[in-house]
Every structure is written in structure tokens, then in C-alpha cells.
Student: 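Before I ask anything, let me first share the structure, which is written out below as C-alpha cells.
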Amino acid sequence: MNYKDFYSKSIQFPKEFWSEQAQQLKWFENPTTILSKDYNDYPLWFADGELNICYLAIDKHIEDGFGDQIAMIFDSPVTQTVKKYTYNEVKSEVSKLAGGLLSLGLKTGNTAIIYMPMIPQAAFAMLACARIGVTHSVVFGGFAPHELAIRIDDCKPKAIITASSGIEIDRVIAYKPMVDEAIALAEHKPKKVVVFNRKLGARVPFKKYDVDYDALVYGSEETDCVSLKSTHPLYILYTSGTTGKPKGIVRDTGGYATALKFSMQYIYGVNEGEVFWAASDVGWVVGHSFIVYGPLINRNTTIIFEGKPIKTPDASTFWRVIAEHKVNVMFTAPTAIRAIKKEDPNGEFIKKHDLSSLKTQFLAGERCDIATLEWYQQHIPIPAIDHWWQTESGWPMISNMMGVEYLPIKPGSAGKAVSGYDIRIFNENGDELSPNEEGYVVIKLPLPPGTLLDLWNDNERFKSGYLNKFPGYYFSGDGGYKDEDDYIFITGRVDDVINVAGHRLSTAEMEEIVASHHAVAECAVIGINDELKGQIPLALVVTKSGEAIEHFQLEHEVVQLVRAQIGAVASLRNVIIIQRLPKTRSGKILRKLLRSIVDGENFQIPSTIDDVAIIDEVKEDFQKYKIGSFK
Ligand code: COA
Ligand code: AMP
């Protein structure tokens, strides 16, 4: 097969192309309407088809005779556990949990929040919800109660499924008190909280709404999959936007299942029965698509890894997992490789493990710097594939399609557009730019199956954020350029979203919290370059006149505020006091200018700046705190 023809077919004949791909799935009702439009004139895929994604992920393989194949391997260096589950075992657990959820009063059309560490029960909970048509919303365990409360109030879950604790390198994180605190903070009150007790010594306060996970599973009957419309919302996944309020990305069922089967086969090039490992977390889109649903739909063995690339116990962990479980294809974030490279620059740990099973390494979540790619290739000479996508798309949009044709790699580029994505580079006026000109990365509608359906409870924000800027095109929020060979280079976000160690965070949300400190008159939070995490947030604060607070005290208090409200994952460590913030004449803070100054990049002084003298003042401030390129 050749990429060019395969890709062209998907763009020229999308209905035929995706109808063929949908036939790889077992539908309860085959779709006859392939592509239609919703009330927004936004494309819908397979509207009259019916299916169940839990059935495709588990039951179908058992019916085909693969019940004894290992479906999941739980590898947890932090608890020194390795546990394997066959498809039969996963079915038994998931279908009983689904029965248990029904007995608690949950039914098709309800929502449930899952707030769990990286343990198999998190995947079981997702699959159990999908089995009975309950729309799940997984909240990353690193988020604080306040963040959880925001999501509770937005998606109004009937139940929350959680665990007693998670483990972060050197400490046990008690989840249950955080859930209780979030429920106390939220206006909406879920009826039940299902708690999986890991018995790791964490405090598990009991509340009237609590239900024990084990008792629920073992006391319930196995329940069958319900038949759901293709457009049924499988999940809501909150992601950071440009305001303090996260956006609830809504995912459909049939388009998503089609796209995931397609991705496993044609992008990741992984065969049924092989071992696939995405070292991420179920709280992110990577976890949804490529720890849980994608590999299971493709009848792979997926790995649920509870650990980090380093310190659990050291920088050999990834290689140990690959060798021990004979991983065929792996996915991680470049930041993980950078962390390993820092600890083991000469790749000594790599030499000690048999990595012969590994065919391909995929990297995504942030821009992959060339040094990291080259280090990887030098030590592990297999294709290392940078690929680009977002929570919104749910699956890769730019990649080398390893199951179609392995194209030469151009370091710094995530490759060419994936089938179904007609990617263009526009200027501010919506004119298409020539090769090598940098602009906005947009995608011509219709997007292929599996991408976002809407924003939960906020269709206006969906339209204004993604569709209205360039009518007829989806606006990705990223900047980039295409070269003369159609390779696309992503240069970074064009908005105030930052990417910290592969985690997407909103600076606007951090600003709201920083501004709430009593000594702060005004502030800006910007993402600055960081060798390990790609970007880290930096808070710039102008203190109220007459405030005598010391810098170290302000920094400590602001950092604690952000940790308490968003979570440690925000990684805000630096707060500096500056004399004034550069602004436009209309009062808008010039964040991009601040970023360029601190990162030592070339910049043009914006013609709209209120007072040019402020640039030197800001440089003095950065110099004083030895921040960024002023170190
Ligand atoms: N629950 C509770 N706390 C969490 C958490 C969770 N699930 N995940 C992270 N945190 C905390 C960490 O303990 C840390 O707290 P600290 O400031 O008290 O030390 C903070 O959030 C930042 O965590 P993290 O971003 O993981 O940084 P780190 O310094 O501990 O580790 C890396 C650095 C590079 C090893 C790590 O970021 C990493 O593995 N990155 C890869 C990320 C990834 O795979 N992303 C997937 C997107 S595809
Ligand atoms: P998330 O929605 O959390 O997956 O974050 C998506 C954002 O991460 C994108 O909009 C990009 O800004 C960034 N991103 C993801 N993958 C890449 C990549 N391969 N290269 C550059 N940026 C990336």
C-alpha cells in the first residue's frame, strides 16, 4: 500500500473510505447513513448505526475464541506488582461491575466520574460504564479537589468511582478524602461513591454515600452490553482551554471505535495479539484511546503501568517493562525520554535489556525536540515516530502511518497528515499560506470519525473556539508550517494553553488563582522553556502598593495556592515580582512578548504596546531573579 493513494482516497471519497473502515467492527445495527450533519451543521458519522464499544473491546474476542489471551498486564513498580488478566477475566470483572452500577440506579444516559490512579480497576470502571451506556468522565488523579468539583458541577455524575489511594514515587496519595472534599465543594451531589480499597494504608474516611467496589462486583450478576447509537456520548474528557473553565470534550461511540481500530492498524502498525504499551495515564486522552479502547478493540495486550520513567526505581524501568512483557509497539511523551536521558545519558540501562520485541516507538503530547529523537535513535535503532494530536481529535492527525508506508523521517516534523485530515496552514485572514510559511494549523471539515462531537453543556464555546474563526475549518489552536513535501512542523500553541511534561494546562486558570492572593494587584502566568518538561509555568506578579510581603513568602504562598486548587501537576514553582506588566494601549497583557523575552527569542516590539520603556524594565526583573535565558 502507498501512503499517497491511501491518503488521497480518504480525502476525495470520505464516505466510501470510512464506510469500509467501519465494516471492520461488529455493529449491532449496521450504519446506512455514513455521514450526516447535526443541528450545528457539524458532521456526524454513522448516525443510524448501533454498537457497544465494551462489546468490541472484550466480548467479541471471547466469541472469536480468544478468551484466554492476556488482555491487560498491570505492572506497578511502585507496589512491586505484576498481574495479568485474560479477556475472560476482564469480562467477568467488567460485566459484574456494570451489573453493580445498574443496581445502584445508574442507567444509559447518566454520567459517572472516574477518579483513580493507574490501576486496572480504572479501566474496568470505564468499560463497565460503556457496557451500560453510562457516559464516563475520567478525571486525572493529579488534579486537586477544586478541579474535581468543577467537573462534578459540569457533568453532574450520578456516581463517582474512585480508589483509596495512588502512589507518587515516594508518597501515598489518599484519594478518598479528596473526593469527599470535592463533593463538599460542589453544588451537585453524586448519589454514590464506589471505592476500591487498595489497602495501602491510606486514610479512607467513610461517608453515607460510599459503596465498596469489591463488595459491589462480587455481589452482582454479569450484565450484557446494551446496544447504543453510534452518536451516543461514550465519554466527556475535560481539557484546558483559554479560560479558567476546562472544556468537556464529548466523544461519540461508533466514529471513535472506527477511528481507533483504524489507528491501531494503519498508524501504529500493530497486529492483533501483539503487546501495545502507552505509558500515559487514563486521565488523559492517550489513556482513553491507547491504553484502554484502542488496544482492546484491536485484540492487543495492553499495559497498565503505575510508575514513572525514572525513580520507580530508576531510569531502567521502561526497558525492563518492554523486555519482560515483550512489548511490540510503545507510546510515550518526549519528556519521559528526556528524563531517562538525563539520568542515563549513555544508555547503560538500555544495554542490559533485551528490547528485540520492540518494532516502533511513538512519541507525542508535546513537540519532540531533535536532540531527544536523535538520542533515542542512537541507543535504540528502531523507527522513533513523532506524531501530533489532541484531546479534541482523540486519535493522531499527523503521523508516519506505519501500517501503510514508512516514510523517511524529517526530525522536527510529526510527519504528514493522517488519512481523513485535510490539514492546511492559514494566516489570520484565513488565506492558505505557501510552503514553509508559519501560520495557524486548521483542518477542513468534515473531520474524520472519532473526533470531538461537541463541548459538554457549551455548544457556543464549541463553535466559537473551534469553528467560527475560519468557517468550514476546524481551528486546532496550534501554529505550524508545511514544507514543500507536505511534512508538517508544529511550532506550538497560539493561545494561552501550555504543555508541561506532556500535560496540557491553562495559564488563564493559574492566573485566576494567583490573582486571588491578597498581595497581588495584577499578574500574568506564562509558559517558559524547560529542558526536562518542555515548558513550565512562571507567574509574574505586580504587588499592591503598600504591600510589604517578602518575595520568598509570596512565592511560597502562591505556589501552595496553585497546588491546592489545581494540583501539584501544575508544576508552578517560580513566582517573581515585577514592576509593571507590558500591555497594549487597550490594556491587554502582552504575554507572547514576555515569553519571547524570558526565553531569549527574537521578537518584534508590538506596535500596540502602551509604553516601550517597559521592555527594559522587564528584562531587569528577569535578570534579578535569574529566570529563563537570564540565568
Ligand atoms: N496524583 C497525584 N500527584 C501527581 C500525579 C497523580 N496522578 N501525577 C503527578 N503528580 C504530582 C507529582 O507527584 C509532582 O508533585 P511534586 O511537585 O510534589 O513533586 C507533580 O505532580 C508534577 O508531576 P510530574 O509532571 O509527573 O513531574 P515529576 O517531576 O514528578 O516527573 C517526569 C517528571 C518527566 C518523569 C514526568 O512528568 C513524566 O513521566 N512525564 C511523562 C508524562 C506523560 O507520559 N504524559 C502523558 C501525556 S501523553
Ligand atoms: P492534549 O490535548 O493534552 O493531548 O494536548 C494537545 C496539544 O499538545 C496540542 O494541541 C499540541 O500543542 C501539543 N502536542 C501534542 N503532540 C504534539 C507533537 N507531536 N508535536 C507538537 N505538539 C504536540
Side-chain angles (χ1 to χ4, degrees), residues 115-118 122 139-144 165-175 178 237-241 247 249 278-291 305-312 315 317-318 331-343 362-369 373 385-399 412-415 441 452 475-480 488-495 497-505 527 530-536 559 562-563 566-573:
Y115 182 66
M116 283 182 135
M118 274 299 288
V139 178
F140 176 59
F143 283 127
S165 59
I167 299 184
E168 268 301 297
I169 302 185
D170 51 359
R171 61 187 197 271
V172 172
I173 312 261
Y175 274 51
M178 290 200 276
L237 181 56
Y238 289 89
T239 189
S240 300
K247 306 192 274 196
I249 304 296
S280 179
D281 190 289
V282 286
W284 308 114
V285 69
V286 178
H288 285 65
S289 298
F290 299 117
I291 294 176
F305 173 71
E306 187 185 33
K308 301 230 176 185
I310 52 170
K311 297 186 188 158
T312 60
T317 306
F318 273 19
F331 179 146
T332 191
T335 189
I337 304 299
R338 285 198 295 271
I340 293 172
K341 177 177 150 210
K342 198 164 163 228
E343 304 268 303
F362 282 86
L363 298 162
E366 56 174 331
R367 210 181 81 79
C368 181
D369 55 289
L373 192 75
I385 309 291
D386 178 13
H387 64 320
W388 173 78
W389 52 297
Q390 314 175 296
T391 307
E392 288 84 345
S393 68
W395 60 287
M397 300 187 278
I398 303 176
S399 183
S413 166
V441 179
L452 77 173
F475 172 50
S476 71
D478 278 14
I488 304 166
F489 295 73
I490 300 293
T491 49
R493 297 289 305 188
V494 294
D495 53 19
V497 168
I498 59 170
N499 201 309
V500 182
H503 308 318
R504 177 167 157 182
L505 299 165
D530 181 73
E531 236 174 64
L532 174 67
K533 299 193 174 186
Q535 280 188 305
I536 47 165
V559 166
V562 172
R563 284 177 79 93
I566 297 182
V569 71
S571 295
L572 177 76
R573 293 229 162 85

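Just the heavy atoms: all of them, side chains too, but no hydrogens, waters or symmetry mates, feed the values below. When a ligand or atom number is given, it counts from 1 through the structure's own listing order. The structure presented is a predicted model; accordingly, all values stated were derived computationally and were not measured.
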Student: Select all protein residues for which some heavy-atom-to-ligand 2 distance is less than 4.0 Å, and list them by chain and number.
Tutor: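 The 4.0 Å shell around ligand 2 contains Gly365, Glu366, Arg367, Asp386, His387, Trp388, Trp389, Gln390, Thr391, Asp478, Ile490, Arg493, Asn499, Arg504.
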
Student: Hey, is ligand 1 close enough to Arg573 that some N/O pair sits below 3.5 Å?
Tutor: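 Yes, there is a polar N/O contact under 3.5 Å.
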
Student: Would one find an N or O of Arg563, backbone or side chain, under 3.5 Å from an N or O of ligand 1?
Tutor: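 Yes, since at least one N or O of Arg563 sits under 3.5 Å from an N or O of ligand 1.
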
Student: Looking only at protein heavy atoms, which one is nearest to atom 30 (O) of ligand 1, and what is the separation?
Tutor: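 Protein heavy atom at minimum distance: Lys308 NZ, 3.1 Å.
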
Student: For atom 46 (C) of ligand 1, find the nearest protein heavy atom and state the residue, atom name and distance (0.1 Å precision).
Tutor: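 Residue, atom and distance for the closest contact: Ser280 OG, 3.3 Å.
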
Student: Answer whether the closest heavy-atom distance between the side chains of Pro117 and Ile167 falls below 4.5 Å.
Tutor: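 Not touching, per the 4.5 Å side-chain cut-off.
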
Student: Going by the rule salt bridge (Lys or Arg N to Asp or Glu O under 4.0 Å), which residues pair with Arg563 if we only count those two or more places apart in sequence or in a different chain?
Tutor: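 With neighbours one apart ignored, the set is empty.
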
Student: Below 3.5 angstrom, do we get any N/O pair linking Val569 and ligand 1?
Tutor: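 Yes: some nitrogen or oxygen of Val569 is under 3.5 Å from one in ligand 1.
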
Student: Applying a strict 4.0 Å limit to heavy atoms, is Thr332 in contact with ligand 1?
Tutor: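 Judged by the 4.0 Å heavy-atom criterion, Thr332 does not count as contacting ligand 1.
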
Student: Would you mind listing which atoms of ligand 1 come within a distance below 4.0 Å of any non-hydrogen atom of Gly141?
Tutor: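 Counting from 1, the qualifying ligand atoms are 1 (N), 2 (C), 6 (C), 7 (N).
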
Student: Going by atom type alone, with no hydrogens or angles, which donor-acceptor pairs under 3.5 Å involve a side-chain atom of residues 280-291 and a protein atom two or more places apart or on another chain?
Tutor:
unit_1: Asp281; atom_1: OD1; unit_2: Gly283; atom_2: N; d: 2.7
unit_1: His288; atom_1: ND1; unit_2: Val282; atom_2: O; d: 3.1
unit_1: His288; atom_1: ND1; unit_2: Trp284; atom_2: O; d: 3.1
unit_1: Ser289; atom_1: OG; unit_2: Tyr256; atom_2: OH; d: 2.7
unit_1: Ser289; atom_1: OG; unit_2: Gly394; atom_2: O; d: 2.7

Student: Does Glu168, backbone or side chain, put an N or O under 3.5 Å from an N or O of ligand 1?
Tutor: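 Min N/O separation from ligand 1 is below 3.5 Å for Glu168.
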
Student: Over 60° means perpendicular and under 30° means parallel, so classify the ring planes of Tyr175 and Tyr115, tilted if in between.
Tutor: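 Plane angle between 30° and 60°, so tilted.
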
Student: Hey, is ligand 1 close enough to Lys533 that some N/O pair sits below 3.5 Å?
Tutor: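 Lys533 vs ligand 1: N/O contact under 3.5 Å present.
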
Student: Could I get the full list of salt bridge (Lys or Arg N to Asp or Glu O under 4.0 Å) partners for Glu531, not counting sequence neighbours?
Tutor: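 None.
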
Student: Who's the nearest protein heavy-atom neighbour of atom 25 (O) of ligand 1, and how far?
Tutor: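 The protein heavy atom lying closest is His503 NE2, 3.6 Å.
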
